[in-house]
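What follows is a set of notes on a single structure, which appears directly below.
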Number of protein chains: 2
Amino acid sequence: MSWRKDQGRAERGYHHGNLKEALLQAALDLISKKGPAGFTFADAARMAGVSPAAPYRHFRDRDELIASIAQRGFEQFESLLTQAWDDGRPDTVSAFERVGKAYLAFAREEPAFYSAMFESGLPVDSNPTLMAASERAFAIIRAAAERLAALAPPGTPRPPAMMMALHIWSMSHGVASLFGRGDAARRKLPMSPEDLLEAEVLIYLRGLGFLTDRNPGTAAADEKPAGPWGKPK
Amino acid sequence: MSWRKDQGRAERGYHHGNLKEALLQAALDLISKKGPAGFTFADAARMAGVSPAAPYRHFRDRDELIASIAQRGFEQFESLLTQAWDDGRPDTVSAFERVGKAYLAFAREEPAFYSAMFESGLPVDSNPTLMAASERAFAIIRAAAERLAALAPPGTPRPPAMMMALHIWSMSHGVASLFGRGDAARRKLPMSPEDLLEAEVLIYLRGLGFLTDRNPGTAAADEKPAGPWGKPK
DNA sequence: GGCTCATGTAAAAGCCGTTCACATGAGCTG
DNA sequence: CAGCTCATGTGAACGGCTTTTACATGAGCC
């Protein structure tokens with residue numbers, strides 16, 4: 001266990017010693033509990049055991065704290081996507097799907113980061129650092145799409161990788177936003193968000209002419225192709 | 001022009017006469033300008049020319065006002081989608097695409113409604129009326145999907161309409177959320193959100209085995225099918 | 001040991017949401 | 001038209017939040 005300077009709790013001198021980190025941590029807790037709107041600067045200060053003015057030594061204002069969190073979120077997001085993509089191993093298509101699942105997993109398991117990144121109403125493009133982090137995360141999807149595009153069946157026009165990447169991103173984001181977080185306020189589904197997204201991506205890839213059936217022995221668009229949404233009995 | 005009780009501006013007696021409506025209107029203005037988080041109850045009251053306590057005669061609290069706006073938003077949304085769908089005229093596929101475009105148009109032209117409906121962090125399922133309005137809007141997409149599913153090419157398994165509807169919804173919502181509003185903070189695109197979504201939907205429909213080429217004379221998945229994202233030169 | 005500057009505090013101003021007792025006057029009742 | 005009533009608006013007040021300012025503390029360096 002960590003020992004000293006635990007959570008701002010225990011006896012500490014005039015100086016906190018690690019306030020910036022403690023504030024970020026507290027903010028994450030609060031945002032995941034009450035959403036980015038419900039989070040207050042004062043609460044975070046209280047949780048860290050300092051006065052309401054102390055945070056201003058580390059963040060220009062409340063928005064900058066949220067931006068910092070979004071920043072870290074994009075970094076973790078990038079790392080998660082990179083790991084999921086795993087440079088296309090063992091095969092491009094299944095790695096591609098893993099990326100979609102990772103997107104959903106991130107939205108579900110890190111709702112505070114996800115909120116800060118996508119739902120906080122921050123002007124993303126006004127903050128170059130933040131923008132860059134977001135671009136780096138998207139670049140993973142972009143790279144994956146590039147590799148996939150290169151596999152386009154011969155004889156068919158090669159789809160633009162950028163467009164594919166944007167499509168995949170919007171699907172993942174749409175599913176995550178609408179149905180992603182179990183706890184919060186959403187809608188009942190006949191299937192899990194993961195399955196929903198997987199079917200969506202598979203149908204989309206098939207629309208591009210990729211072989212997406214589980215058993216890659218068969219050609220696409222032949223006699224009675226099985227639907228990617230599950231076999232009929 | 002309207003004449004009396006104009007905008008809360010002019011001389012009015014002790015009673016406003018139409019405060020509820022004026023508040024909703026003011027809130028719409030404010031939300032579209034500063035986002036649902038930036039909107040304040042007091043500001044709306046000021047804009048309507050009444051004291052900060054007056055709104056409480058019409059709304060239990062700030063959240064109820066936002067919920068009212070979301071409610072109206074869903075109603076307008078439903079009506080817009082209904083109109084776009086036009087009962088599947090002149091043909092199912094093109095009507096289906098019109099629905100997608102209508103989704104984007106709504107997000108762009110009514111950002112305040114859109115924010116209140118999808119980005120305000122309201123617990124949608126805690127408000128039965130709101131939930132019902134949202135269901136009615138989704139029902140349009142659902143009905144369109146149903147009609148489309150019935151057109152599935154013979155010999156192929158018929159896709160579940162509910163799943164199709166959820167897919168289309170998530171695509172539309174994803175594109176709208178990520179790239180939808182021109183003014184606000186988003187990302188640069190190599191194509192318009194409308195074109196992006198149209199291509200996405202067409203590829204998806206093709207993946208389901210529908211004939212989506214512009215010229216419906218040709219069968220799908222034949223020699224050198226043209227990509228739905230635009231012809232190569 | 002003493003200086004300096006980053007870091008934290010206290011106090012205050014201004015805003016917001018919300019409540020409560022009270023004021024007003026629109027519309028009904030007779 | 002007189003009078004009553006109740007929906008609707010007001011003013012003042014409370015507590016909380018954000019942010020600023022002047023001041024306090026003490027960690028790190030000479």
Side-chain angles (χ1 to χ4, degrees), chain A residues 4-31 33-69 116 120-123, chain B residues 4-27 29-31 33-70 116 120-123:
Chain A
R4 52 202 201 171
K5 297 291 168 50
D6 234 353
Q7 281 293 39
R9 238 315 150 276
E11 65 318 307
R12 53 157 255 267
Y14 194 88
H15 291 91
H16 183 288
N18 203 13
L19 185 52
K20 187 163 189 170
E21 206 53 38
L23 287 171
L24 287 166
Q25 205 53 49
L28 267 183
D29 276 22
L30 291 170
I31 293 179
K33 266 181 226 146
K34 312 191 295 181
F39 151 77
T40 88
F41 221 29
D43 254 338
R46 210 163 324 171
M47 194 164 300
V50 297
S51 79
Y56 289 84
R57 295 294 175 196
H58 300 276
F59 303 95
R60 193 167 6 77
D61 56 20
R62 184 176 171 284
D63 279 358
E64 193 180 283
L65 202 177
I66 297 186
S68 289
I69 291 189
S120 62
L122 282 188
Chain B
R4 49 200 204 172
K5 296 294 168 49
D6 234 354
Q7 280 292 39
R9 238 318 150 274
E11 63 321 307
R12 53 158 256 265
Y14 193 88
H15 291 92
H16 183 288
N18 203 13
L19 184 52
K20 187 162 188 169
E21 207 52 38
L23 287 172
L24 287 167
Q25 205 53 50
D29 276 21
L30 291 170
I31 293 179
K33 266 180 227 148
K34 312 190 297 180
F39 151 76
T40 87
F41 221 27
D43 254 337
R46 211 162 327 174
M47 192 165 300
V50 298
S51 78
Y56 289 86
R57 295 294 174 197
H58 300 276
F59 302 97
R60 192 167 6 73
D61 55 19
R62 184 176 170 283
D63 279 358
E64 192 179 282
L65 202 176
I66 297 186
S68 289
I69 290 187
S120 62
L122 280 187

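Bear in mind that the values here come from a model prediction, so they are computed numbers and not experimental data. Naming convention: chains lettered A, B, ... in sequence-line order (proteins, then strands); numbering from 1 in each chain.
- In this structure, the separation between CG on A/Leu23 and CG on A/Leu28 is 11.5 Å, given to the nearest 0.5 Å.
- Within the structure, side chain to side chain donor-acceptor pair (under 3.5 Å) pairs that include any residue of residues 51-63 of chain A comprise A/Arg60-A/Glu64 (at least two apart or interchain).
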- Item | A/Phe59 vs A/Lys20, side chain to side chain contact (heavy atoms under 4.5 Å, CB included): CA-CA, chis, key distance, verdict | CA-CA 8 Å; A/Phe59 303 95; A/Lys20 187 163 189 170; 3.8 Å; yes
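- Between A/Pro55 and A/Leu65, the closest side-chain pair of non-hydrogen atoms is not below 4.5 Å.
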Under a 4.0 Å heavy-atom criterion, the protein footprint on nucleotides 8-16 of chain D, written with B, S and -, is BBBB-----
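- Along DNA chain C, read 5' to 3', the first and last nucleotides having any atom under 4.0 Å from a heavy atom of chain A are C/dA6 to C/dA10.
- One distance of note links CD1 of B/Ile69 with CG of B/Leu122; it measures 10.0 Å at 0.5 Å rounding.
- Atom-to-atom distance recorded for A/Asp43:CG and A/Ile31:CD1 is 11.5 Å, nearest 0.5 angstrom.
- Residue A/Tyr56 is classed as a base contact, given a heavy-atom separation below 4.0 Å to a base.
- Distance check: B/Ser120 OG to B/Phe39 CZ gives 11.0 Å after rounding to the nearest 0.5 Å.
- Here the closest non-hydrogen pair linking A/Ala44 and A/Leu30 is N-CD1, 3.7 Å.
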